[in-house]
Engineer: 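Take this structure, written in structure tokens, and hold onto it; I'll ask about it next.
These numbers come from the heavy atoms of this one structure, side chains and all, not from hydrogens, waters or symmetry mates. Whatever order the structure lists ligands and atoms in, that order sets their numbers, starting from 1.
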Amino acid sequence: MTLRVGVLTGGGDAPGLNAAICGLGRRLLASGAELIGFEDGWRGAIEDRTRSLRDANFQHLLVYGGTLLGSSGDNPYKRAAESVPKVLATLQRHRLDALVAIGGEGTLGAADRLHREHQVPVVGVPKTIDNDLDATDFTFGFFSAVEVATRAMDDLRSTADSHGRIMVVECMGRHAGWITAYAGVAAGAEAILVPERPVHLEELCDKLQRLRATGARSAIVAVAEGARVFEGGNCLSSTEKDEFGEWKTGGTAQIIAQRLQALLSWDSRHLVLGHLQRAGKPIAFDRIFALRLGARAARLVLEKRFGYMAAMRAGEIVDVPLHAAVAARKVLGDQFLDRYETFFLPIGGP
Ligand code: F6P
């Protein structure tokens, strides 16, 4: 009997999603399986919105950013009592032998629970530009986002210098500062502020003042949207939340730029890179990386190894239990912060 496999992409999109679909689809179709895509992540599984995927869908697909299937932040456990039975019914209606969930913490967390609580035959593929998923060294989309942020900081140098300004550049990352740290180091930012290292505004001012005293006209400060910067007992980070209680993107850089201008009398501007970090074509590395993860997920399906996720460990593509990926968030460790200590500030708090 023909193997029938479902696939969905959930959560914030990341460059490389299409390449992952491509790696999965090509391998499965070549083995005679059928592939059914759910639209808009778990929402498509809840509402039973599908489309059949054929070889023609995969032509040039890996080149493009975004996701052919659409995505959403919804998942069945947000309204478990009504949505979980709907997902189970959809999977049964389509007589699916396996479901491949491509996503981050929320998407894979739901897949893991469906597997453990309802024996749904799931396989995971990790994605997030934030790179904060455990059990994999990197997630695809991360290095594409780092490239966008690095180029932006590089490009801002000339205008910052012309006008003698501080440019405070906000990168995505509410809970982990991976993009800010990698891009900040690569662009030689004068200071990097991340959620993992709470700091005092005073320390930032001192660092910039010292730099100015040596003759610097401008400075780049790289800030993660979830960075915690304290002035007195107040945290200056943006506190606006969305309907699910998650911090909303944007705001922290603006507050810091305003405070720097006021305290240092040094003209300061801010820039929120926002969704540009998720936009555009994936860099070549992410295309190939995502393609390999997709192909590995197909292998897991064909071998009927459910409850696993394809991952990268020490440069190799391996399988890890899905649960391990969602059990903890991967944040910047002391090793990273110490290695690049000149970019960061001493630890501070309220
Ligand atoms: O994918 C995660 C992320 O990129 C976060 O870094 C960011 O805060 C968030 O998505 C924004 O997502 P959206 O505006 O699509 O809800």
Engineer: Taking side chain as C-beta onward, heavy atoms only, is Phe38 less than 4.5 Å from Thr50?
Structural biologist: yes

Engineer: Using a 4.0 Å heavy-atom cut-off, say whether Arg278 meets ligand 1 through its side chain, its backbone, both or neither.
Structural biologist: side chain

Engineer: Mind checking whether Thr128 has an N or O less than 3.5 Å away from an N or O of ligand 1?
Structural biologist: no

Engineer: Using distance alone, determine whether Arg174 and ligand 1 share an N or O pair under 3.5 Å.
Structural biologist: yes

Engineer: Can you tell me which residue among Phe343, Phe142, Tyr340 is in a ring-ring contact (aromatic ring centres under 6.0 Å, His included) with Tyr182?
Structural biologist: Phe142

Engineer: For Gln277, is the nearest heavy atom under 4.0 Å from an atom of ligand 1?
Structural biologist: no

Engineer: Any donor-acceptor pair under 3.5 Å linking the side-chain atoms of Thr90 with those of Asp48?
Structural biologist: no

Engineer: Check ligand 1 against Ile129 and write out every atom of the ligand that is under 4.0 Å from a heavy-atom position of the residue.
Structural biologist: 4 (O)

Engineer: Between Met172, Lys127, Glu225, Glu105, flag the one that comes closest to atom 8 (O) of ligand 1 by a heavy atom.
Structural biologist: Glu225

Engineer: For Glu303 and Tyr308, test the side chains for any donor-to-acceptor distance below 3.5 angstrom and give the result as yes or no.
Structural biologist: no

Engineer: Atom CD of residue position Glu202 - does it have more than 12 heavy atoms of other residues, nucleotides or ligands inside 6.0 Å?
Structural biologist: no

